[in-house]
Amino acid sequence: MSRRYDPDRRQRITDAALRVVGHSGIAGLSHRTVAAEADVPLGSTTYHFASLDEMLAAALRQVNEGFAAAVRDSEALADPTSDMAAELARIIGEWLAGDRTGVELEFDLYLAALRRPVLRPVAAEWADAVTEILARRTDPVTARALVALIDGICLQVLLTDAVYDAAYAREMLGRLIP
């Protein structure tokens with residue numbers, strides 16, 4: 001019997017890992033639960049991800065990419081004459097207005113990095129990528145502070161079930177931007 005070529009299998013497994021963590025938490029993640037969710041043989045998960053930490057790193061990298069892409073693709077942020085604080089507040093609002101499960105999942109995975117040091121560099125990739133983009137419009141120290149404020153605003157909205165206040169976010173971000 002020949003092996004079936006399946007170039008998307010690794011991605012399907014990563015997507016399945018995100019779904020498992022989304023509905024069962026990180027504690028519910030195992031090669032077996034992900035294989036069942038992805039509808040692939042158990043051996044496929046261990047072939048593509050030797051450890052659960054490797055799988056979590058791929059999942060974290062994937063959820064990080066969404067917000068970073070929104071910042072990277074923003075024409076307004078690339079325009080030196082645009083209101084940077086207003087554009088960041090808009091992007092945060094879109095991020096939080098979407099499926100909050102994804103945003104919550106991102107924070108779950110970040111918090112997992114506290115106990116799983118192998119995830120820390122992956123968690124830092126997002127902050128570094130967004131800082132680099134924002135530093136094009138400001139300095140690196142201010143860009144890093146903006147990233148911390150963005151994280152804090154998102155976390156507060158998620159923890160309190162508050163309605164996102166774009167005007168507040170714009171004002172606070174604006175206070176940091178020279």
Side-chain angles (χ1 to χ4, degrees), residues 1-74 77 88 91-136 140 143-144 146-159 164:
M1 179 195 299
S2 68
R3 266 188 170 193
R4 187 170 56 103
Y5 178 64
D6 187 356
D8 299 324
R9 186 168 288 192
R10 181 181 169 88
Q11 183 60 54
R12 284 200 336 268
I13 292 168
T14 302
D15 292 342
L18 287 169
R19 289 191 303 274
V20 168
V21 172
H23 61 70
S24 301
I26 292 173
L29 187 76
S30 70
H31 283 282
R32 190 171 307 286
T33 58
V34 171
E37 181 71 28
D39 194 26
V40 298
L42 178 60
S44 289
T45 63
T46 57
Y47 173 79
H48 289 286
F49 299 101
S51 69
L52 291 178
D53 284 343
E54 237 182 79
M55 193 181 296
L56 282 170
L60 180 55
R61 201 168 267 121
Q62 182 168 312
V63 296
N64 282 347
E65 181 53 30
F67 189 87
V71 171
R72 184 178 50 250
D73 297 343
S74 168
L77 285 178
L88 287 171
I91 292 169
I92 295 167
E94 283 186 5
W95 188 244
L96 291 171
D99 178 14
R100 280 205 180 172
T101 304
V103 182
E104 291 169 358
L105 178 60
E106 184 174 357
F107 278 98
D108 277 347
L109 290 168
Y110 278 141
L111 292 176
L114 292 173
R115 301 272 185 248
R116 296 172 185 244
V118 71
L119 296 178
R120 290 179 188 164
V122 180
E125 286 173 12
W126 174 85
D128 293 343
V130 176
T131 297
E132 182 180 320
I133 295 163
L134 298 180
R136 295 175 192 153
R144 179 67 69 184
L146 289 167
V147 168
L149 181 56
I150 290 166
D151 270 346
I153 289 170
C154 290
L155 189 57
Q156 286 179 357
V157 169
L158 292 172
L159 289 175
Y164 172 67

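Annotation: the span from D108 atom CG to L158 atom CG amounts to 9.5 Å, rounded to 0.5 Å. Note that OG of S24 is 9.0 Å distant from CG of L29, once rounded to the nearest 0.5 Å. Note that the CD1 atom of I150 and the CZ atom of F67 stand 4.5 Å from one another [nearest 0.5 Å]. Interatomic distance, CD of E94 versus OH of Y164, reported as 10.0 Å (0.5 Å rounding). With rounding to the nearest 0.5 angstrom, the SG atom of C154 is 4.5 Å from the CG atom of L96.
Using a 4.0 Å cut-off between charged side-chain N and carboxylate O, E132 and R72 make no salt bridge.
Between V63 and W95 the shortest heavy-atom distance is O-CH2, 4.0 Å. Across all non-hydrogen atoms, the minimal contact from E37 to V20 is CB-CG2, 3.8 Å. Across all non-hydrogen atoms, the minimal contact from I26 to A112 is CD1-CB, 3.3 Å. Here the closest non-hydrogen pair linking I13 and S44 is CD1-O, 3.6 Å. For E106 against L60, the heavy-atom pair with the smallest separation is O-CD1, 4.2 Å. Across all their heavy atoms, H48 and R10 have their closest contact at O-NH1, 2.8 Å.
For S74, the side-chain contact (heavy atoms from CB on, under 4.5 Å) partners are A76, L77, E87, I91, not counting sequence neighbours. In this structure, R32 has no salt bridge (Lys or Arg N to Asp or Glu O under 4.0 Å) partners at least two apart in sequence or on a different chain. Remark: E54 pairs with F49, A50, S51 by the side-chain contact (heavy atoms from CB on, under 4.5 Å) rule, at least two apart or across chains. In terms of the side-chain contact (heavy atoms from CB on, under 4.5 Å) criterion, residue partners of T131 (sequence neighbours excluded) are, by chain and number, A143, R144, V147. With sequence neighbours left out, Q11 forms a side-chain contact (heavy atoms from CB on, under 4.5 Å) with T14, D15, Q62.
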Using distance only, find each side-chain donor-acceptor pair of residues 115-126 under 3.5 Å and give its atom names and separation, not counting sequence neighbours.
unit_1 : atom_1 : unit_2 : atom_2 : d
R116   : NH1    : D53    : OD1    : 2.6
R120   : NE     : A113   : O      : 2.9
R120   : NH2    : L114   : O      : 2.7
E125   : OE1    : R61    : NE     : 2.9
E125   : OE2    : R61    : NH2    : 2.7

Intermediate values then yes/no, side-chain contact (heavy atoms from CB on, under 4.5 Å), L18 and L109: CA-CA 10 Å; L18 287 169; L109 290 168; 4.1 Å; yes
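Looking only at side-chain heavy atoms (C-beta outward), I153 and L149 come within less than 4.5 Å of each other.
In this structure, the side chain of T33 engages the main chain of G28 through a donor-acceptor pair within 3.5 Å.
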